Amino acid sequence: MIGRLPIAKMFAATLVGTVVISAIMVPINWNGQGASTAAPKIDELLSVMIVLSAFVFSLVMVMLFYALWKFKAKPGDESDGEPIHGNTRLEVAWTVIPTIIVLFGGIYSWSVLSDIEEPAKDSLTVDVFSQQFAWSFGYPGKDNVWSQGELHVPLDRQVHFKMHAQDVIHSFWVPEWRIKKDAVPGITTTAIVTPDRVGTYQLICTELCGFGHSTMRATVVVEPPAEFREWIAGLKEKVPDPLAESIVQDTETDPVPLGAGGA
Ligand SMILES: [Cu+2]
């Protein structure tokens with residue numbers, strides 16, 4: 001039966017659909033301003049995914065409307081449909097095509113993430129403490145000073161954020177950095193970001209964590225290294241003991257970031 005399908009025409013219609021949808025969707029700036037070295041890579045990945053999705057959507061629509069038009073029952077036709085028993089070519093096609101698309105998407109995403117998470121030698125480590133409903137930050141390389149509700153990081157330097165959730169699951173998201181990572185009680189999760197644009201941004205919790213979830217935000221300041229050092233020097237408090245203990249406990253279960261060879 002598939003032999004009678006106008007495959008070339010359907011494929012051409014699918015390509016036209018893909019091009020039209022992509023031409024509309026890809027130029028839209030979905031993610032807004034980028035402010036990290038990951039941003040252009042993530043945005044490009046999104047564009048590729050949009051094209052792939054446009055292809056799949058167009059293919060499905062072309063087949064759907066072809067079937068609606070071609071196999072519509074004639075007025076007064078009350079007979080049963082043709083008894084169809086499998087179609088090897090069709091089944092091979094609908095297995096192979098999605099497999100190729102999904103594998104391509106998976107491998108491409110893996111390589112982008114691996115690239116973003118490639119550890120740099122001079123990276124800065126920041127402990128991120130999340131609890132209902134506030135963020136605070138420790139700087140282990142800077143005498144363990146502690147800041148609440150305000151995160152400062154230097155420009156153009158890779159930062160390893162070590163997440164330590166104190167109660168429930170929270171999620172660390174700075175939209176301009178394009179990186180989001182869950183903070184899970186009992187384990188250290190790591191987000192790796194290299195901020196490349198000076199400015200003030202917002203850290204937003206993106207895991208529904210209770211009544212105050214929508215207010216669980218913090219200010220993020222990306223500044224030149226000299227100003228960052230000055231700000232650090234002005235911090236008087238040290239990471240309080242219960243938070244420091246959570247670092248020790250979490251560290252026993254510290255999954256290796258994907259790009260560093262982990263899975
Ligand atoms: Cu939350």
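Just so we're clear, the structure is a prediction, and the values are computed from it rather than from any experiment.
- Inter-residue side-chain proximity for Lys142 and Phe228 is flagged as met; some heavy-atom pair is nearer than 4.5 Å.
- Taking hydrophobic clusters as Ile, Leu, Val, Met, Phe, Trp and Tyr residues chained together by side-chain heavy-atom distances below 4.5 Å, Ile97 shares a cluster with Leu52.
- With sequence neighbours left out, Ser214 forms a side chain to side chain contact (heavy atoms under 4.5 Å, CB included) with no residue at all.
- Side-chain atoms of Ser58 come within 3.5 Å of backbone N or O of Thr18 as a donor-acceptor pair.
- Between Tyr201 and Ala35, the shortest heavy-atom contact is OH-CB, 3.4 Å.
- In this structure, Leu151 and Trp135 have side chains that are not in contact, with every pair of non-hydrogen atoms separated by 4.5 Å or more.
- Hydrophobic cluster membership for Val16: Val20, Ile24 (Ile, Leu, Val, Met, Phe, Trp, Tyr linked by side-chain heavy atoms under 4.5 Å, directly or transitively).
- You'll find the side chain of Trp146 reaches within 4.5 Å of the side chain of Pro240, heavy atoms only.
- Under the 3.5 Å distance criterion, the side-chain polar atoms of Ser246 are matched with a main-chain donor or acceptor of Leu243.
- Applying the ring-ring contact (aromatic ring centres under 6.0 Å, His included) test to Tyr108 and every residue at least two apart in sequence or in another chain returns Phe104.
- By the 4.5 Å heavy-atom criterion applied to side chains, Tyr139 and Asn144 are not counted as neighbours.
- Applying the salt bridge (charged side-chain N to carboxylate O under 4.0 Å, His left out) definition to pairs two or more places apart or across chains, those involving residues 17-42 are Lys41-Asp115.
- When all heavy atoms are compared, the tightest approach of Met10 to Met63 is CE-CG, 3.8 Å.
- In this structure a side-chain-to-backbone donor-acceptor pair under 3.5 Å is missing from Asp182 to Ser171.
- Taking the salt bridge (Lys or Arg N to Asp or Glu O under 4.0 Å) definition, one finds that Lys238 meets it with Asp143, sequence neighbours left out.
- Of all heavy-atom pairs between Asp167 and Pro185, the closest is O-CG, 3.3 Å.
- No side-chain heavy atom of Phe161 sits under 4.5 Å from any side-chain heavy atom of Leu203.
- Counting heavy atoms from C-beta outward, Trp231 and Leu235 have side chains that approach closer than 4.5 Å.
- The hydrophobic cluster containing Trp69 also contains Phe71, counting ILVMFWY residues as joined when their side-chain heavy atoms lie under 4.5 angstrom apart, directly or transitively.
- Every side chain to side chain contact (heavy atoms under 4.5 Å, CB included) that Trp30 has, sequence neighbours left out, goes to Met25, Ile28, Leu46, Ile50.
- Annotation: side chain to side chain donor-acceptor pair (under 3.5 Å) contacts involving residues 219-228, sequence neighbours excluded, comprise His152-Glu223.
- A side-chain donor-acceptor contact under 3.5 Å links Gln158 to the backbone of Ala120.
- With hydrogens and angles ignored, the 3.5 Å screen pairs a side-chain donor or acceptor of Gln166 with a backbone N or O of His164.
- In this view, Asp43 and Arg178 satisfy the salt bridge (Lys or Arg N to Asp or Glu O under 4.0 Å) rule, not counting sequence neighbours.
- At least one side-chain heavy atom of Ile116 sits less than 4.5 Å from a side-chain heavy atom of Ile179.
- By the 4.5 Å side-chain criterion applied to Ile, Leu, Val, Met, Phe, Trp and Tyr, Ile204 is assigned to a cluster that also includes Trp173.
- No path of Ile, Leu, Val, Met, Phe, Trp and Tyr side chains, each step under 4.5 Å between heavy atoms, connects Leu208 with Met163, placing them in separate hydrophobic clusters.
- The two residues Val193 and Pro195 make their nearest non-hydrogen contact at O-CD, 3.5 Å.
- Val19 is not connected to Val62 by any chain of hydrophobic side-chain contacts under 4.5 Å among Ile, Leu, Val, Met, Phe, Trp and Tyr, and they are in different clusters.
- At distances below 3.5 Å, not a single donor-acceptor pair connects side-chain atoms of Thr194 with backbone N or O atoms of Thr37.
- Checked against side-chain hydrogen bond (donor to acceptor under 3.5 Å, both in side chains), Gln148 has no partners two or more places apart in sequence or in another chain.
- Val168 and Phe133 fall into different hydrophobic clusters, where Ile, Leu, Val, Met, Phe, Trp and Tyr residues are linked whenever their side-chain heavy atoms come under 4.5 Å apart, directly or through other members.
- Across Gln202 and Pro175, no two heavy atoms sit closer than the pair O-CD, 3.6 Å.
- Within the hydrophobic cluster formed by Ile, Leu, Val, Met, Phe, Trp and Tyr side chains joined at under 4.5 Å, directly or through other members, Val221 stands alone, with no partner residue.
- Cluster partners of Val92, using a side-chain heavy-atom cutoff of under 4.5 Å among ILVMFWY residues and allowing indirect links, are Val96, Ile100.
- Annotation: side chain of Lys162 is in contact with side chain of Thr125 (closest heavy-atom distance under 4.5 Å).
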